[in-house]
Each structure stands twice: as C-alpha cells, then as structure tokens.
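Quick note on labels: first sequence line is chain A, next is B, and so on, each numbered from 1.
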Number of protein chains: 2
Amino acid sequence: MSETIVEPRWRRIPEERPRQILEAALEVFAERGLAAARLEDIAKLAGLSKGTIYLYFATKEDLFREVIRTSVVAFIARAEAFFEAEPDPVHSLTAWMEGYWGWLRSPVFPAMHRLVNTELRSFPDLASFYTTEVIERAQRLVREMLERGMDAGQFRRMDPQVAARMLSSLFVTHAMWYHQRDCFKAIKDVGDDVLLAQIREFFFNAMRPEAPNAPNSRLK
Amino acid sequence: MSETIVEPRWRRIPEERPRQILEAALEVFAERGLAAARLEDIAKLAGLSKGTIYLYFATKEDLFREVIRTSVVAFIARAEAFFEAEPDPVHSLTAWMEGYWGWLRSPVFPAMHRLVNTELRSFPDLASFYTTEVIERAQRLVREMLERGMDAGQFRRMDPQVAARMLSSLFVTHAMWYHQRDCFKAIKDVGDDVLLAQIREFFFNAMRPEAPNAPNSRLK
DNA sequence: GCTTTATTAATGACTGGTCGGTAAGTTACG
DNA sequence: CGTAACTTACCGACCAGTCATTAATAAAGC
C-alpha cells in the first residue's frame, strides 16, 4: 500500500477531494474487494477522516460504483481509439492487445474482476452496466477485427464470436495471475511483456490459416 | 439454492453430520465466498442450528479449509487416473480436458477460484497447499502430455510450460463464465458440452504442427 | 487594523445492525 | 438420572453511516 500524502489540513480546494478519495478507494478496493474494504482505511489513505468521505459520496456502494465507472470509462475511450487507428486486422488486433493488457495490469482490473466474480448479485445495475458497456462492446470490437482478418485470409475461418471469447479468456486469466504473481511461482519470473508476447503468439497460432495441403489428421 | 431436507430431529446418527455440514457449506461458500457466507445459512441449509456446526468444526475458517480440502482431494484422485489411462497424448489430453471440465463445472470450483482471487492472503497455508498440490501438480501432468505429443509430432514445438498455462487459462475463464451464465448473455445459450468442444478445438488448433511448406507471413 | 460574526471543511465519538463464537439450557434415549 | 445431540439466547467485535463539534477562513462592522 502506498504512503499517505499528508498535506496541510485546511487546503480550501475541495474540488480536488473527490479525485483523491476515488484514488485511495481504488487502491483499497483493489486490495480487499468491496465487502472487506473499510471506509476508514480509504479515508486514512486519502489523508482524511471517514466522515469526510460522506460529504462527497452517499454510501460505500456509491463510492465503489464511481470508482469502477471512472476507470472503465477511461478504458473504453482508449479502446475506441484502437478501433479506428489501423485498417490492417493483424496490426489493429496487436494494438488492441497491447492496450487491453495495459488496462488489465492496472489495479482497476482486479477490483472489477472480483466484483464480477463474487459481488455481482449485490449490484444488479452495475452488473448490467458492465456487461453491456464493457464486455459486449469490447467483444464486438474484437469480433469485427477478427472478421476482417478472416475475410482477408489472414486468419482461419471460425466463429468470430468464439474466437473473441478465447482471446478474452487468455488475457483475463493471465492478468489475474500477473496480479498475484507472488503467490504463483509459475508466473513469478516471467516479465509482463513476455507474458503478452506468449499470449499473442499462441492466439495468432490458433488463428493461422490451415495450410491448403496439410493433413489435419488429428482433428476429428 | 437447493431446498433443505428436514428429517426427524433426533436422528442419532452423528456420524453423518460432518458430511452434511460440509455439503451445505460448499453450497453456501460457492454462492457467497468465504467472508460473506453466514454460518447460520449453512446451518439452515443443513437443517441444523448454528451451534451444532461448532460441535464438529472449530471455526469458520476451519470449516472452509475442510470443504476445499475434501473437494480438491477428490479431484486430484480423478486426475491421477487420467494420467495413467492413455498412452496417446491427444487421447489422454482429451480425457483430461473432460475430467477437468467436469470438476470446473462443480460448485467447488467457484469457491476455490474466489478463494484464490480474493481471500488468499488470509489463508497462507491453504494458498501454498493449493499451489503445490493442485496447480503445480496439474500443470506438470498437462506439460508431460504435451511434451509427449510434441515428441510424437502431433503438436507443434513450443515451451510446454507455456502451452499448459494457456490450456488452464482457457478452461478457468470459461468455467467462471459458465457458472455465471445468467449474467453473461454471450454464454447463456451455449451448452456446456459445446463450450468444452470449442475450447478443445481452439487449443488443438493452436497446437497443430506447422505445415512444412506453409508460408508464415504474418508472424514476426 | 482589530474584533465579531458567518460560513465552510473536516473531524471523531457514537449508534445500530450484523455475525462469529459461546455457554446455558432442552430433548430424547438408555 | 446421566449423557449425548442439539438449540437458544446471548456476548463482543466490527464497521457503515450520523451528527454535534471544532478549526480555518472570509466578510462585515467600527
């Protein structure tokens, strides 16, 4: 956990407060999840008292919602950029992977992931926000890139929906392993850029076109 | 949540109690995670009162540990069987996948997965038990099957460790999506056997040997 | 300038509800 | 009765959320 920055107490710049609180909250939520995070810890990390948080956010859930929302919005914006950047599917997909991987490695993702895996049923509105605004949007993006690549013969033909799912699958798990690499020796010494490269190579290999004359003996 | 089976209250068969409690606990832990699970809910589901649980398990953590341990032991045992069953790598790997997928779809897995993702730091001993006894053991198994397949020319050459990781990655994420399919429309209508087939096909495609004369233009 | 009053930012002691854990009590059976 | 199996009522710790109070500053009056 990073150190509190204690500034003089009467700063007269309350406009900064929400951002400071959100930053601290992200760190604590990322570390402990929603239920286990204590408001007092967030306050301490932001150099404030618990009561102050309630001047800016109505409830703990509200704070959490806002943390996630701001972070995800940032990601979506970045994603849209990649979409329009490159016409070549392989290049745009590579760029997408890099951006995605960057986001996954930020502390927002574990928080988000925990939410999705454990605390979704307590936040139905956030859940649907997440599925439509993040998952489906991202999946559609990837799917379209893959489809273009298939049309161009750069990828083998398969259900692009499924391929997109496989891609996310690889990234999501590896990101979680990355975030817990002190517990998983298997990942510990592998650099994060190496991990990305491994995923990329593996995925492109899975998508490489069938050689026209190769025997596909094994696959029933 | 499944319905309580209320039997006559004085059964005089206390030997059954631990198993009943463990069963109920698994269900509740799987649904809510460790921290959010209430002993009283477990008790009610087992048709008992909270106090009774403490006649058989010292603490909540203890109960959780035992739930995980018994379930994992069952899985390990099954895994060992697959290992020795088949000499042909593709077949044994297929069998392994089927067994793995079966376990992943059981309610133990989400509980385990949540533990690993969110509550590990509270259970250092369970964490190390899990990494050495489950992850590493399973990874070694898969790695060996893959190595044999590479030697036989059935798979392309690559770091088998990495390939094993990719395989787990695909399975783990898909399993979690499967368990939450009511939230994820993308998965909702896909049968679980279809999901397995998709993963299998994708993985085998990623591992298929390079065609000797195919141009590998795209991959720098 | 100096004092008084008003306003704003922030605090921390307190409340109320929840739940893990315990101990006294209850029921059935030999 | 005695004892095994289980229940019920309770305790205490914890923590989200509240609110009376304090500290800093600005504005007004002289």
Roughly how many Å is it from [atom1] in [X] to [atom2] in [N], rounded to a whole number?
X: A:Leu63; N: D:dA16; atom1: CG; atom2: P; answer: 11 Å
X: A:Leu39; N: D:dA16; atom1: CG; atom2: P; answer: 5 Å
X: A:Ile42; N: D:dC15; atom1: CD1; atom2: P; answer: 12 Å
X: B:Lys44; N: D:dT7; atom1: NZ; atom2: C1'; answer: 15 Å
X: B:Asp62; N: C:dG21; atom1: CG; atom2: C1'; answer: 13 Å
X: A:Lys60; N: D:dG17; atom1: NZ; atom2: P; answer: 8 Å
X: B:Leu34; N: C:dC19; atom1: CG; atom2: P; answer: 14 Å
X: A:Glu40; N: C:dC14; atom1: CD; atom2: P; answer: 14 Å

**Message:** Using a heavy-atom cut-off of 4.0 Å across all strands, would you classify A:Ala37 as base, sugar-phosphate, or nothing?
**Reply:**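 Sugar-phosphate, backbone atoms only, no base.
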
Could you check which of [options] has an atom nearest any side-chain atom of [X]?
X: A:Arg38; options: C:dG21, D:dT7, D:dA16; answer: D:dA16
X: A:Tyr54; options: C:dT11, C:dG21, D:dG17; answer: D:dG17
X: A:Ser49; options: C:dT11, D:dT8, D:dT18; answer: C:dT11

**Request:** Start with the C-alpha distance between B:Lys44 and B:Glu40, add both sets of side-chain angles, then the distance that settles salt bridge (Lys or Arg N to Asp or Glu O under 4.0 Å), and finish with yes or no.
**Result:** CA-CA 6 Å; B:Lys44 191 182 288 177; B:Glu40 231 142 25; over 6 Å; no

**Message:** Distance check, rounded to the nearest 0.5 Å: B:Arg200 atom CZ versus B:Leu195 atom CG?
**Reply:** 11.5 Å

**Request:** Heavy atoms only: give me the nearest A:Met145-A:Phe155 pair and the separation to one decimal.
**Result:**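 Answer, listing the atom of A:Met145 first, then A:Phe155: O-CE1, 4.4 Å.
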
**Prompt:** Of all heavy-atom pairs between B:Pro160 and B:Met150, which one has the smallest distance, and what is that distance?
**Reply:**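 Reported closest heavy-atom pair: CA-CE, 3.9 Å.
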
**Asked** Taking N and O atoms by type only, does the side chain of A:Lys50 place a donor or acceptor under 3.5 Å from a partner on the base of D:dG17?
**Response**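 Check passes, donor-acceptor contact within cut-off.
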
